[in-house]
Engineer: 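Provided herewith is a single structure, encoded as structure tokens, for subsequent inquiry.
As the structure is a computational prediction, the values presented were derived from the model and not from experiment. Letters A, B, ... mirror the listed sequences (proteins, then strands); counts begin at 1. Reckoned from all heavy atoms, side chains included, excluding hydrogens, waters and symmetry mates.
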Protein chains: 2
Amino acid sequence: MSLPHAILTALLEKPSSGLELTRRFDKSIGFFWPATHQQIYRELGKLEQAGLIRALPSAQPTRGQKKEYEVLPAGRAELTSWASGPQDPKPVRDALLLRMRAAAVVGTEGLEAELRRHLDLHRQQLAHYDAIEKRDFPPGKDTTENRLRHLVLRGGIHLESFWITWLEEALTEIGRPDALRQPPSPGSDDPVSPSGA
Amino acid sequence: MSLPHAILTALLEKPSSGLELTRRFDKSIGFFWPATHQQIYRELGKLEQAGLIRALPSAQPTRGQKKEYEVLPAGRAELTSWASGPQDPKPVRDALLLRMRAAAVVGTEGLEAELRRHLDLHRQQLAHYDAIEKRDFPPGKDTTENRLRHLVLRGGIHLESFWITWLEEALTEIGRPDALRQPPSPGSDDPVSPSGA
DNA sequence: GCCTCCATGTAACACGTTACATGATTCG
DNA sequence: CGAATCATGTAACGTGTTACATGGAGGC
């Protein structure tokens, strides 16, 4: 139930058409909630039907014609309530950690190269965020909205830094002398808990 | 395409029935790839049909009767290939960051309490991981498999630490003198980029 | 016999992903 | 007028989520 709220947020920041939203997602909200244009059109339809947004009257409803949306009071209320209520954090779901776990069973072939590749990608992303931070959040301009948006960006920065740190640790570790022998014995005991419980 | 591979990994570690898998997921693989029993049964069916696993002959196929699976050579091959090939990291998708962004538009009511709550949850999870680390990865026992599994766990530990750090930073920041005034002006400019580009 | 727990499963829906279809506008 | 681009959409599918259904085994 997050995409509709992401869209409401974006529309409150600035009324837009579907494609405009898509592009704006790609360079800001989409960093922590990506969405394709198909998802966005689908949600815009639902939000309009639910009476949370409406198409600006200026636009004709013919196909291929730009259609701008704005948030209605009910939409703002819905967003406010969603943003202020409790919501548990969603558990992590990460394929790289999983593949590492698989490598413990079927062998580490190709693993080191993959870790290096990911390390590089995360460094690029971090550089990207750093550039945005320099550009958009210079000292001063200290409004409440900006502080909050800055915090979100710093979340992204910390997250990329986490990956970089961990990947470097992992590369060091699997590079150590005896750590690169091939597939281990089958039938070893349970995942994180060889000692039970 | 990750759940089937998570299941193959778990089954290689130890042949199991659906419920056993579910329980083992809950305390190890599920930390970074959660799955409910319904998902697991569904995938077990697909994997069996695809010829990657098979039910152990000892078990009868009546409803309500335990059914154990083991991985076939084709399954191991599939897992090996999946674990060694390239796969781009999936972009982040996090509701708390999103809600913070929304709060920049509709106001910060309830935000601080929610941040504290999350902080607490992440501290608990970190404590949990720390306990597992102490129990399962004492110095020594330095096989390749254990090193890899330890690295995965350390990934979880780093990740929780990231959240704790960031949440503490956020709480400090929104606690600062002028940062808690109510809803900001509507119609402010673009998300991360008030200055454009 | 009844309740509880173990175990396997069905059904329906929500959401994300990918590929493709179609109309409008602009520019050479 | 033809091609490229902008813009909105359809369709089909994979996976995750939630609620519920069914059968067997053991204890009281």
Side-chain angles (χ1 to χ4, degrees), chain A residues 1-8 11 15-26 29-50 53-56 58-69 82 87-95 98, chain B residues 1-8 11 15-26 29-50 53-56 58-69 82 87-95 98:
Chain A
M1 288 280 296
S2 290
L3 179 56
H5 300 98
I7 291 175
L8 288 172
L11 283 182
S16 306
S17 67
L19 247 213
E20 280 167 17
L21 275 179
T22 305
R23 288 203 245 274
R24 287 174 50 204
F25 262 64
D26 284 345
I29 291 187
F31 289 146
F32 40 89
W33 206 279
T36 62
H37 69 107
Q38 291 87 345
Q39 277 179 279
I40 288 175
Y41 285 123
R42 191 205 262 159
E43 286 302 328
L44 284 173
K46 287 190 198 169
L47 287 169
E48 189 176 21
Q49 269 211 318
I53 63 175
R54 66 161 186 183
L56 288 184
S58 56
Q60 312 96 317
T62 70
R63 193 181 178 122
Q65 207 65 17
K66 195 157 106 167
K67 206 160 84 181
E68 292 223 309
Y69 290 95
W82 176 80
Q87 241 181 276
D88 283 345
K90 241 190 52 184
V92 188
R93 190 169 265 151
D94 184 87
L98 200 55
Chain B
M1 286 279 296
S2 288
L3 179 57
H5 300 98
I7 291 176
L8 288 172
L11 284 182
S16 308
S17 68
L19 249 213
E20 279 167 17
L21 274 179
T22 305
R23 287 203 245 276
R24 288 172 52 204
F25 261 65
D26 284 345
I29 290 187
F31 289 145
F32 40 89
W33 205 279
T36 63
H37 70 107
Q38 292 88 341
Q39 278 178 279
I40 287 175
Y41 284 123
R42 190 205 260 160
E43 286 302 328
L44 283 172
K46 285 190 198 169
L47 286 169
E48 189 176 19
Q49 269 211 317
I53 64 174
R54 65 162 187 182
L56 288 183
S58 55
Q60 313 96 316
T62 71
R63 193 177 177 124
Q65 206 64 19
K66 194 159 97 170
K67 207 160 83 180
E68 293 224 307
Y69 292 93
W82 176 80
Q87 242 181 273
D88 283 346
K90 242 190 50 185
V92 187
R93 188 170 267 149
D94 184 88
L98 200 55

Engineer: When you match B:Glu20 and B:Arg93 each to their closest nucleotide on DNA chain C, which lands nearer the 5' end?
Structural biologist: B:Glu20
Engineer: Any side-chain N or O of B:Lys46 less than 4.0 Å from the OP1 or OP2 oxygen of D:dT15?
Structural biologist: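 Answer is yes, contact under 4.0 Å.
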Engineer: Would you tell me if any nitrogen or oxygen in the side chain of A:Tyr41 comes within less than 4.0 Å of OP1 or OP2 on D:dT8?
Structural biologist: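 For D:dT8, OP1 or OP2 has a side-chain N or O of A:Tyr41 closer than 4.0 Å.
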Engineer: Nearest of D:dT8, C:dG16, D:dG16 to any side-chain atom of A:Lys67?
Structural biologist: D:dT8
Engineer: Check whether any side-chain N or O of B:Gln39 sits under 3.5 Å from a backbone N or O of B:Thr36 as a donor-acceptor pair, and report yes or no.
Structural biologist: yes
Engineer: Quick one: A:Arg24 CZ to D:dC6 P, roughly how many Å, whole number?
Structural biologist: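 Rounded to whole Å, this separation is 18 Å.
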Engineer: In whole angstrom, give the distance that lies between atom CG of A:Leu21 and atom P of D:dA7.
Structural biologist: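 Taking CG of A:Leu21 and P of D:dA7, I get 12 Å after rounding.
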Engineer: Of all the choices, D:dT8, D:dA19, C:dT18, which nucleotide is nearest to the side chain of A:His37 once you look at every atom?
Structural biologist: D:dT8
Engineer: Output all residues satisfying salt bridge (charged side-chain N to carboxylate O under 4.0 Å, His left out) with B:Glu20, sequence neighbours left out; order by chain, then residue number.
Structural biologist: B:Lys66
Engineer: For B:Pro4 and B:Thr36, take the nucleotide of DNA chain D holding the closest heavy atom to each; which residue's nucleotide lies nearer the 5' end?
Structural biologist: B:Pro4
Engineer: Counting heavy atoms from C-beta on, name the nucleotide in C:dC6, D:dC6, D:dG16 closest to the side chain of B:Leu19.
Structural biologist: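 Among the listed nucleotides, the one closest to the side chain of B:Leu19 is C:dC6.
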Engineer: Not counting sequence neighbours, which residues clear salt bridge (charged side-chain N to carboxylate O under 4.0 Å, His left out) with A:Arg54? List them please.
Structural biologist: A:Glu70
Engineer: Closest to the B:Glu43 side chain: D:dA19, C:dC15, D:dT15?
Structural biologist: D:dT15
Engineer: Does a side-chain N or O of A:Arg23 approach OP1 or OP2 of D:dA7 to a distance below 4.0 Å, or not?
Structural biologist: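 Yes, such a contact exists.
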Engineer: From CD1 of B:Ile7 over to P of D:dT15, roughly how many Å is that when rounded to an integer?
Structural biologist: 11 Å
Engineer: Could you tell me how far apart A:Gln39 (CD) and C:dA19 (P) are, to the nearest whole angstrom?
Structural biologist: 15 Å
Engineer: In this structure, how many angstroms lie between the P atom of C:dC15 and the CE atom of A:Met1, rounded?
Structural biologist: 6 Å
Engineer: Test for a donor-acceptor pair under 3.5 Å between the base of D:dG16 and the side chain of B:Arg42, counting only N and O atoms.
Structural biologist: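 In this structure, the two groups form a donor-acceptor pair.
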Engineer: Could you check which of C:dA7, C:dG16, D:dG16 has an atom nearest any side-chain atom of B:Trp33?
Structural biologist: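 Among C:dA7, C:dG16, D:dG16, the one nearest the side chain of B:Trp33 is D:dG16.
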Engineer: Mind calculating the distance between NE2 (A:His5) and P (C:dC15) to the nearest angstrom?
Structural biologist: 10 Å
Engineer: Please give, in whole Å, the distance from D:dG26 C1' to B:Lys66 NZ?
Structural biologist: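 After rounding, the gap between these two atoms is 15 Å.
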Engineer: Where the side chain of B:Leu3 is defined as all heavy atoms beyond and including C-beta, which of D:dG16, D:dT8, D:dC20 is the nearest nucleotide?
Structural biologist: D:dG16
Engineer: Before you tell me yes or no, could you show the steps for B:Leu21 and B:Leu44 under side-chain contact (heavy atoms from CB on, under 4.5 Å), namely the whole-Å CA-CA distance, both residues' side-chain angles and the distance that decides it to 0.1 Å?
Structural biologist: CA-CA 10 Å; B:Leu21 274 179; B:Leu44 283 172; 4.0 Å; yes
Engineer: Please pick, from D:dG16, C:dT8, C:dG9, the nucleotide with the shortest atom-to-atom distance to any side-chain atom of B:Ser17.
Structural biologist: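 So the nucleotide nearest the side chain must be C:dT8.
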Engineer: Taking A:Gly45's backbone N and O only, do any of them form a donor-acceptor pair with A:Glu48's side chain (distance below 3.5 Å, no angle check)?
Structural biologist: no
